[in-house]
Protein chains: 2
Amino acid sequence: MASRKPAADGIPAAPARPRLTVMRDVAKLAGVSHQTVSRVLNNHPNVRVETRERVLEAMRSLNYRRNLAARTLVTRQSDTLGIIGFETTLFGPASMLYGIESAARDAGYMVSIASVRDLERRQVLEAVDRLTQHSVDGVIAIAPKQSVNHALAQAPPSLQCVAVGGSGESDAAPTVSIDNAAGARLATQHLLDLGHATVHHAAGPSDWPESVERIEGWRRTLYAAGAVVPPVEHGWWDAESGYAQGRAMARDPAVTAIFCANDRIALGVLRALHEAGKRVPEDVSVVGFDDMPDSGFFVPPLTTVHQDFGELGRRSLSLLLEHMATSPEVPPPDRVLVAPQLVIRTSSGPLRH
Amino acid sequence: MASRKPAADGIPAAPARPRLTVMRDVAKLAGVSHQTVSRVLNNHPNVRVETRERVLEAMRSLNYRRNLAARTLVTRQSDTLGIIGFETTLFGPASMLYGIESAARDAGYMVSIASVRDLERRQVLEAVDRLTQHSVDGVIAIAPKQSVNHALAQAPPSLQCVAVGGSGESDAAPTVSIDNAAGARLATQHLLDLGHATVHHAAGPSDWPESVERIEGWRRTLYAAGAVVPPVEHGWWDAESGYAQGRAMARDPAVTAIFCANDRIALGVLRALHEAGKRVPEDVSVVGFDDMPDSGFFVPPLTTVHQDFGELGRRSLSLLLEHMATSPEVPPPDRVLVAPQLVIRTSSGPLRH
DNA sequence: CTCAGCTCTGTGAACGTTAACACGCGCGCC
DNA sequence: GGCGCGCGTGTTAACGTTCACAGAGCTGAG
């Protein structure tokens, strides 16, 4: 029925353009002007209910959808937000991405994504460029390294950006992140309260603000408690690095409590401890950071600091929207901190011999 | 320097529109018509090199960027692809997403994402609708459930879709997925070869094709080897489900080898085994599926079936592009299978008492 | 009664690009 | 020498919206 008939008249072939239904068609059917249709679409108040109803009906019967490209052309806004993604294959960034996307959808925005392989200025700038070219209305950068903020500072000033997951030290863009220092404090204090003389730290990379802030929080807490601050070695965010650090620590009998920069590192530490014949938590307590989906099923179930990545995404979106609403004269960029939460499972406990 | 001056003449305020640089400006500077600029931009052959050079120079000096919205309006293609995402917070889907996005970028496409909270027809259709409205040129659906294919069948026929990660049983769209049956065969045969009388299976959800195909591959392999096929219980894709299934299996002395539907389930199984005092692999061998980043650091390191999610993404993209290139008359949809690979670590071994 | 000021609607002109055609020029061929 | 043809370029008209106006009809105050 609905199949397109080959033009039966003299014309050899129909033009390649299928002629989609546009406002004019709706207008004609409803017996109004295209402008009235536009008004209905944009919820302009000054349309008689009766007229509006007629237009709506026409749109329905023609299965009309407005052409966003045309709209974007004239309004210069696309109802699309850009996300600069990094390592989005990992749980944390992937969750933020999801959180942002959900929130954006609820706010009526589409989301386009530009991943970067690494966080060099050039790549970030190129991502920004790709996004601008597709005329996004704003950008959220999953930006766990300083370099991103530097790059963002070079973005066209008309483009609103917010950075999520990084440090707030840049003045390039407002930032939303977990309160890493608070999380580290929670974890460290928990271990101290359990009676451990001090707490060792299996750290992340040295050039990631998240890692640095966790170290800082951990260090301060020890200092405040008058405990000795053991030296830290930096690693990557994965289990392999945790395993390496864990092996070293397992050899040191002074180590009775380890705060890991994230759950994956904790997984590696756990394995190293296991191989060294140390029991957790009887001999050594371990605490992670992130609360990945399965960390409750590590051996033993991991005590960890829970991050609400979804909340992070939502907050960053609302911050962006807020900044987009105010005029482009730059207000002092804010930093939003999301409070983390300690989840106590069985990998931490008092020292027992 | 480049700041906008307030109009000094009689006009009270500059119009809100900042007047961005357009083809006409470039044309004027280069002393050609805007059409020539367009030709340069689109690499039309019939432009004298000298002219092209002049235009390019003008574009550079004006920092011109073409307005994609206008281009989309007239060409009816946006150079943007849509992705329908599901559970993109998990490693597998997140990796596919990343793989698709990278491949798309290399092919000159932008990627917009529409997540669905669950895979009901209505939500999927709504996602398709959102994407069409933003005039994407094609859609890749991360579609691990049958319902998605059904929904896709209802999408406007002009919209090219490919489904990734699902079963190929639908005729709605071409599909690319891991060869789940082959993967299951690899795992099962490996355990059989190790000398186990039979292999138990910790399964995923019953309504996911991936899960069903893995069961099927496992079952066939046992059958072909003349081994008894133990009953399966379905669960979810997470460690919790694996833990529950693992506890039950730990009680059964006949269980000496367990093939898990994914690595997270394997993690739970490992924990259950550990708690029950069973040694892995001495008492029970365990094999997973996915090869998540840290499964090499489980206790013990997990033997598993490696999926190349990046390849999956690339293949689905090239399939989509291929289908977009051929005219809309629907060619019989293909199914592309990506071969998985067994990664042997230490969680599997011969039975030892 | 008149005129200002609402409410509702229509008309024409952007927006910035590509498509379709037209034109002038030089070249080779008969 | 005429003619056809390909090359490089310019001119004009879409594409489907929204914006800025203008105008018709009504209301109510002076």
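Note on naming: letters A, B, ... go to the chains in the order of the sequence lines (proteins, then strands), and numbering restarts at 1 for each one.
Not one side-chain nitrogen or oxygen of B/Asn67 sits closer than 4.0 Å to the OP1 or OP2 atom of C/dC15. Phosphate proximity of D/dG8 to B/Arg52: absent, as no side-chain N or O sits under 4.0 Å from OP1 or OP2. Contact annotation: B/Ser33 side-chain N/O to D/dT9 OP1/OP2 distance is not under 4.0 Å. Under 4.0 angstrom from either OP1 or OP2 of D/dT18 there lies at least one side-chain N or O belonging to A/Arg66. Contact annotation: A/Thr36 side-chain N/O to C/dG10 OP1/OP2 distance is under 4.0 Å.
Listed nucleotides: D/dT18, C/dG16, D/dT9. Nearest to the side chain of A/Leu73: C/dG16. Among C/dG10, D/dG8, C/dG16, the nucleotide with an atom closest to any side-chain atom of B/Asn46 is D/dG8. Here C/dG10 is the nucleotide among C/dT18, C/dG16, C/dG10 with the atom lying nearest to any side-chain atom of A/Val32. Closest approach to the A/Val74 side chain among D/dT18, C/dG16, D/dT9 is made by D/dT18 (side chain taken as heavy atoms from C-beta onward). Nearest to the side-chain atoms of B/Arg76 among the listed nucleotides D/dC19, D/dG16, C/dT18 stands D/dG16. Nearest to the side-chain atoms of A/His34 among the listed nucleotides C/dT9, C/dG16, C/dG12 stands C/dG12.
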Taking only N/O atoms, report every protein-nucleotides 21-26 of chain D pair under 3.5 Å with atom names and distance.
none

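Checking B/Ser102 against B/Arg314 by side-chain atom types alone, no donor-acceptor pair falls below 3.5 Å. A donor-acceptor contact closer than 3.5 angstrom is absent between the side chains of A/Asp79 and B/His134.
Between A/Arg71 atom CZ and D/dG16 atom C1' the separation is 12 Å, expressed in whole Å. To the nearest angstrom, P of D/dA13 lies 19 Å from CE of B/Met23. Rounded to whole angstrom, the span from the CG atom of A/Asn43 across to the P atom of C/dC8 amounts to 14 Å. Put simply, CD on A/Gln133 is 13 Å from C1' on C/dT17, counting in whole angstrom units. Rounded to whole Å, the distance from CD on A/Gln77 to P on D/dT17 is 16 Å.
Counting heavy atoms of neighbouring residues, nucleotides and ligands inside a 6.0 Å radius, atom CZ of A/Arg60 exceeds 12 of them.
A/Thr51 comes within 4.0 angstrom of the backbone, heavy atoms only, and of no base.
Pairing each heavy atom of B/Ala30 with each of B/Arg54, the nearest pair is O-NH1, 2.6 Å.
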